[in-house]
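Shown next, in structure tokens, is the structure this report addresses.
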Amino acid sequence: MTMTQEKQPITTNSAVPFPSTAIAADAARDDAGIAKEDAAWTDRPEPAAGPAPITVETPSPEPQDTAEPAAGRTPKMRADRVSVFYGDKQALKDVSIEVHDDRVTAFIGPSGCGKSTFLRCLNRMNDTIAGARVAGQIELDGHDINAPDMDVVQLRARVGMVFQKPNPFPKSIYENVAYGPRIHGLAQGKSELDGIVEKSLRRAGLWDEVKDRLQESGTALSGGQQQRLCIARAIAVDPEVILMDEPCSALDPIATAKIEELIHELRGRYAIAIVTHNMQQAARVSQRTAFFHLGELIEYNRTSDIFTNPREQRTQDYITGRYG
Amino acid sequence: MNSVALTRWSGEDAQRRVAKRYAAERRFKLLGLLAVGISVAFLVFLLATMLVRGVGGLSATFLAGSDSTDPAMAGVWGALKGSFLTILVTIGLAFPVGVLSAVYLEEFAPRNRWTDLIEVSINNLAAVPSIIFGLLGLAVFLNVLHLPRSAPLVGGLTLALMTMPVIVIAGRNAIKSVPPSIRDAALGVGASKMQVVFHHVLPLALPGILTGTIIGMARALGETAPLLMIGMRAFIAAPPQGISDPATVLPVQIFLWSDEVSRGFVEKTSAAIIVLLVFMLLMNGLAIYLRNRFERRW
């Protein structure tokens, strides 16, 4: 169950009582626009009536998503009973989850709970780990991403990724952003490529800081700038989904705030899934939160419900800092 | 509490403990200095002896001439050219094959029993005495393939066999030291495996690969035994015109001259050693230059 990707201990000061009222208000604002559709798809064929949150602790044998078309909203990505094995060890057990367009989905949980592993399944980055095996079904727009006809290179262009540690290429800022469009042949000439680079840097909120030094090395930027450069690099290939694996864990609070602001701005354009150790961050940036523990998905619900009214005792314990 | 702290961190006892620690540090520094001193002393001794004995032998005729039975007429140009041609063949063969092997083994090959076996074999091959490669060259290149005897071509092929494992090992280490985060970053924007390797991993590993290659080349340059086996010890009075002409190389020339009875060759031997050392110094300098030139931080 131990995972090498997540070495850092949780630094959240979760002993402090959580400002639940503020979050509720925040969540209410966030959810205001999408409340209607929410109501439509939240009320799954669960036994409980009303605003029953979905808990996917032990998935029922019949797929839950058969009733989905009736709800009128297809998720961007859907994972169905996904399990991941590293050799003999099972890192993830039967996780079923959906990631929606223009919504931020946060994955929280203690170290080694499988949240990063799950995120890496969504663009098949686990393929690169020797001995990793993924079972279950993951769909992007209804297509199985593990199907033989799915090109993994194209999948990763459509499902971009931002990593825990800022990892710009040791090349110029311009080259960092231009690399993706260039290898995918997205630009017809220099001016079009310039345009893509500028647009991506603008969207990542970095343009004004670097526009005069595009030829300088990307590794010379500060940590926060590097991470925004990585976000610019990811959005330069015009993905549909952006996966963020603890994008702020190596950054200071100010840089973190900037990234969070950026996530808010990007929300309307891309489906975003973010792994975070920081519960306040999950509460601030996401509309949906999934709580993982020991490789299992314990609870998946609206962020406001997870933080103010969790269904599961384990979720309650985790968000109040009783373990983690 | 206060009094305990006082007795523990002041007074004679504390001073003695601190002094003991400093003494240990001084002893270690001295030991290190001694170790460095030994190797430097030998180097200085070698250089000084060679310079004293050989500097008189360095003349225009010596640098431009070839081997001769008359020490006054003997020169290193033929051997230098032979060395150069041999190294050219070696690098032309060992570098591409070695780098491609390293890339394949590190990035593409599955990890299983067979690749483990290959890895062990390569490490073993790097430690095989060079005389055995000489015998292999004699058996395969001369007796089976009937390539020209004493030629830089055969010498280069033999030395390439010997250098390849060194390049593979250095290349694999250099590739391994490229941070995985760079691979993740490239894969994350949808680069294929090939693109990851050729756009990112290989350029970043290049300084390490080049350093390893040049160290391997310097070793090949100083190699004598395998070349004796394939006939490069013959007396060659004319510099080679191509890689299939009979030739000799610097270390073999030094070996041959050191065996001469005539007193005049003592000076020539030392002079040839100076030339060889300068050649090697240039190669190692090139290695350092290339490493600094291509080194990037991330």
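Letters A, B, ... are given to chains in the order of the sequence lines, protein chains preceding strands, and every chain is numbered from 1.
- For the atom pair Asp127(A) CG and Lys193(B) NZ, the distance stands at 10.5 Å (nearest 0.5 Å).
- Contact count versus chain B (heavy atoms, under 4.5 Å) is highest, among Arg124(A), Met161(A), Lys165(A), Met125(A), for Met125(A).
- Closest approach of Tyr179(A) to Ala191(B), counting heavy atoms only: OH-CB, 3.8 Å.
- The local environment of CD in Glu265(A) is crowded, with over 12 non-hydrogen atoms from other residues, nucleotides or ligands closer than 6.0 Å.
- In terms of heavy atoms, Val189(B) sits closest to Arg233(A) at CG1-CG, 3.7 Å.
- For Tyr289(B), the OH atom counts as loosely surrounded, since its 6.0 Å shell holds 12 or fewer non-hydrogen atoms of other residues, nucleotides or ligands.
- Other residues, nucleotides and ligands place more than 12 heavy atoms under 6.0 Å from the CZ atom of Phe108(B).
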Practice problem: Take Gln164(A) and Asp184(B), measure what side-chain contact (heavy atoms from CB on, under 4.5 Å) needs, and give me the verdict at the end. | Solution: CA-CA 11 Å; Gln164(A) 183 171 359; Asp184(B) 280 352; over 6 Å; no
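- Only the side chain of Val237(A) has a heavy atom closer than 4.5 Å to any heavy atom of chain B.
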Exercise. Test His199(B) against Phe169(A) for side-chain contact (heavy atoms from CB on, under 4.5 Å), laying out the working first.
Key: CA-CA 10 Å; His199(B) 294 171; Phe169(A) 300 130; over 6 Å; no
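- Counting heavy atoms from C-beta outward, Ile182(B) and Pro170(A) have side chains that approach closer than 4.5 Å.
- The shortest heavy-atom contact between Ala185(B) and Asn167(A) is CB-ND2, 3.3 Å.
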